[in-house]
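Sequence lines set the chain letters: A, B, ... in the order given, protein chains first and strands last, and positions in each chain run from 1. FYI, side chains are in, hydrogens and waters are out, and symmetry mates aren't considered; it's all heavy atoms of this structure. Please read all numbers here as calculations on a predicted model, not as lab measurements.
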There are 2 protein chains.
Amino acid sequence: MPERSTRAMIVEKADTLFYEGGFEATSFADIAAVVGISRGNFYHHFKTKDDILDAVIARRIEQTRGMLALWEAEGDGPRARILSFIRMLIANRAKIMAFGCPVGTLCSELAKLDHGAQGRAAEILGLFRDWLAGQFRALGAGDRAEALALHVLSWSQGVAVMASAFRDETFLHSEVAGIEAWLSTVPDPAPLT
Amino acid sequence: MPERSTRAMIVEKADTLFYEGGFEATSFADIAAVVGISRGNFYHHFKTKDDILDAVIARRIEQTRGMLALWEAEGDGPRARILSFIRMLIANRAKIMAFGCPVGTLCSELAKLDHGAQGRAAEILGLFRDWLAGQFRALGAGDRAEALALHVLSWSQGVAVMASAFRDETFLHSEVAGIEAWLSTVPDPAPLT
DNA sequence: CAAGAATTAGGACAATTGACCTAGTCTCGT
DNA sequence: ACGAGACTAGGTCAATTGTCCTAATTCTTG
């Protein structure tokens, strides 16, 4: 066991619990039990539940940055990099079918709770959008790069919602194949899509 | 004021509150306050919170059936009927940008809560899927009708998630235009999508 | 080693939760 | 008009919530 810092453990476990059970439904007691510390303890690390959420979002932003940088470093060209993004849906299919997209579902929940951190959660989607737009620009998509990026992002969000609603892995695979086929038509995609 | 039955009022208000605030985050007290009855009262109408959820889902299923039947009755042909579905995104844009799709977000939340009613909530999406598949079949899509239906449904779910995350109405309009353009290529759509 | 800081445990707190109960009030068929 | 059943109000219940406090333990550093 790597024995990370208690604070890091709290954030890591809270991240998982927020994803799999939702932010609102996850209590301090739940997190404390999973981390293996006493309830009162982590008021030394986080004063409020919102502080934990902030830390979780910050962690996700950092991890997303790292992942995008990694894909960027793999010199496979922009088309292959976009495929790396799309294939997250396949790599994480079990969790996605059970709990949806971690980012999309968090944004949706925070929107309903009218929570101030909703904007920061949406920043994670913004990171993907900007990175994808960069790849499409490298493909010569020019002004349409951002629209194409939003389209891929939106498409994958829809697939995540549907796959978890119907728990249908076949659908997930066929839609991913659809995205890949569409991608092969960029930067001159079929009419307006 | 039509003065509906108390039970109908509870279900109606609970529906709105579940949509705008989430199921978990909505308390008995919230519903009672909005309906204007005492807390203890509606244990005469619903024994548990899950019973209210069941009633809300049943109401939504019924309303969805009614809406689909209405579109079916408008003899505008299958293509125009599919457009009616797509344009819900425009008609309800304010609420969608604030709270996402009522059905998609409910399914996501119930999946995280591991709630038994998740399957019934997904039935609502199933109604749309089957109805859309019928329209695509009428367009001559044959075996691909169901896949096309799932695609439209998935696309609109993605648009709803993204529009609420970014609160971007421009994006919503442009994606709807994209869906409509794609629809005009059916039953011979662009490669594989 | 000793002193001070950082960390931890284990409670306590008021508020809220879903659930339940009882005792009134209203409605309506006879 | 009267009695049964539907409806409602308001209170109670244990459990859980986020928050906070204090005392003990561990760690660091001079």
Side-chain angles (χ1 to χ4, degrees), chain A residues 1-58 106 109-110 112-118 120-121, chain B residues 1-58 106 109-110 112-118 120-121:
Chain A
M1 193 89 79
E3 180 60 44
R4 347 159 85 87
S5 76
T6 302
R7 192 195 145 92
M9 282 286 286
I10 291 174
V11 176
E12 179 187 327
K13 299 299 188 185
D15 192 339
T16 303
L17 288 172
F18 288 173
Y19 174 34
E20 301 184 355
F23 169 70
E24 176 90 4
T26 300
S27 72
F28 274 57
D30 294 334
I31 305 173
V34 171
V35 176
I37 62 176
S38 70
R39 258 157 294 120
N41 182 4
F42 60 83
Y43 269 87
H44 189 261
H45 301 278
F46 300 97
K47 287 181 187 170
T48 73
K49 197 179 178 186
D50 289 348
D51 287 344
I52 301 181
L53 178 61
D54 283 342
V56 166
I57 293 176
L106 181 63
E109 182 178 1
L110 295 182
K112 280 181 199 287
L113 296 177
D114 201 20
H115 196 291
Q118 197 266 350
R120 277 179 57 81
Chain B
M1 192 88 80
E3 179 60 44
R4 349 158 84 88
S5 77
T6 301
R7 189 195 148 92
M9 282 287 285
I10 291 175
V11 176
E12 179 188 326
K13 299 300 188 184
D15 191 339
T16 304
L17 288 172
F18 288 173
Y19 174 34
E20 300 184 356
F23 169 69
E24 176 90 4
T26 300
S27 73
F28 275 56
D30 294 334
I31 305 173
V34 170
V35 177
I37 62 175
S38 70
R39 258 158 290 121
N41 181 1
F42 59 83
Y43 271 88
H44 188 260
H45 300 279
F46 300 97
K47 288 182 188 169
T48 72
K49 197 180 178 186
D50 289 348
D51 286 345
I52 301 181
L53 178 61
D54 282 342
V56 166
I57 293 176
L106 181 62
E109 182 179 1
L110 295 182
K112 280 181 199 287
L113 296 177
D114 201 20
H115 196 291
Q118 197 268 350
R120 275 178 60 80

Show every donor-acceptor pair shorter than 3.5 Å between a side-chain atom in residues 29-42 of chain B and any protein atom, with sequence neighbours excluded, or say none if there are none.
{"unit_1": "B:Asp30", "atom_1": "OD2", "unit_2": "B:Ser27", "atom_2": "N", "d": "3.0"}
{"unit_1": "B:Asp30", "atom_1": "OD2", "unit_2": "B:Ser27", "atom_2": "OG", "d": "3.2"}
{"unit_1": "B:Ser38", "atom_1": "OG", "unit_2": "B:Asn41", "atom_2": "N", "d": "3.4"}

Tell me which donor-acceptor pairs under 3.5 Å the side chains of residues 13-23 of chain A have, and how far apart each pair is, sequence neighbours excluded?
{"unit_1": "A:Asp15", "atom_1": "OD1", "unit_2": "A:Arg60", "atom_2": "NE", "d": "2.9"}
{"unit_1": "A:Asp15", "atom_1": "OD1", "unit_2": "A:Arg60", "atom_2": "NH2", "d": "2.9"}
{"unit_1": "A:Asp15", "atom_1": "OD2", "unit_2": "A:Arg59", "atom_2": "NE", "d": "3.2"}
{"unit_1": "A:Thr16", "atom_1": "OG1", "unit_2": "A:Glu12", "atom_2": "O", "d": "3.4"}
{"unit_1": "A:Tyr19", "atom_1": "OH", "unit_2": "A:Lys95", "atom_2": "O", "d": "3.2"}
{"unit_1": "A:Tyr19", "atom_1": "OH", "unit_2": "A:Gly100", "atom_2": "O", "d": "2.7"}
{"unit_1": "A:Glu20", "atom_1": "OE2", "unit_2": "A:Lys95", "atom_2": "NZ", "d": "2.4"}

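Residue B:Ile52 contributes atom CD1, which lies 12 Å from atom C1' of C:dA19 at whole-angstrom precision. Between A:Phe46 atom CZ and D:dC20 atom P there is a gap of 16 Å when expressed in whole angstrom units. Computed from coordinates, the A:Asp50 CG to D:dT17 P distance equals 16 Å when rounded to whole Å. Protein atom CG of B:Asp51 is 10 Å distant from nucleotide atom P of C:dC20, rounded to whole Å. In this structure, A:Ile10 atom CD1 and C:dT7 atom P are separated by 11 Å, rounded to whole Å.
Qualifying side chain to side chain donor-acceptor pair (under 3.5 Å) partners for B:Asp54, counting only residues two or more places apart in sequence or in other chains: none.
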Distances for protein N/O vs nucleotides 23-29 of chain C N/O pairs under 3.5 angstrom?
none

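B:Arg7 approaches B:His45 most closely through the heavy-atom pair NH1-O, 3.7 Å. Taking all atoms of both residues into account, the shortest heavy-atom contact from B:Phe46 to B:Ile10 is CE1-CG2, 3.6 Å. Here the shortest heavy-atom pairing between A:Ile52 and A:Phe28 reads CD1-CZ, 4.4 Å. The minimum heavy-atom distance between A:Glu24 and A:Lys49, with the atom names listed, is O-NZ, 3.4 Å.
Regarding contacts with the backbone of C:dT17, a side-chain N or O of B:Ser27 is found under 4.0 angstrom from either OP1 or OP2.
Less than 4.0 Å separates DNA chain C from at least one heavy atom of each of the following residues of residues 17-26 of chain B: B:Thr26.
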Practice task
Please report the C-alpha distance between A:His115 and A:Leu53 in whole Å, then the side-chain angles of each, then the deciding distance to 0.1 Å, and finally whether the side-chain contact (heavy atoms from CB on, under 4.5 Å) criterion is met.
Solution key: CA-CA 10 Å; A:His115 196 291; A:Leu53 178 61; 3.5 Å; yes
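Looking at the side chain of B:Tyr43, the nearest of the listed nucleotides C:dC20, C:dT17, D:dT19 is C:dC20.
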Problem - Sugar-phosphate or base contact per nucleotide [nucleotides 3-15 of chain D; S, B, -; heavy atom under 4.0 Å] - result: ---SBBBBB----
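Backbone-only engagement by B:Phe28 is indicated by non-hydrogen atom pairs under 4.0 Å involving sugar-phosphate atoms exclusively.
Counting heavy atoms from C-beta on, the side chains of A:Leu106 and A:Val56 never come closer than 4.5 Å.
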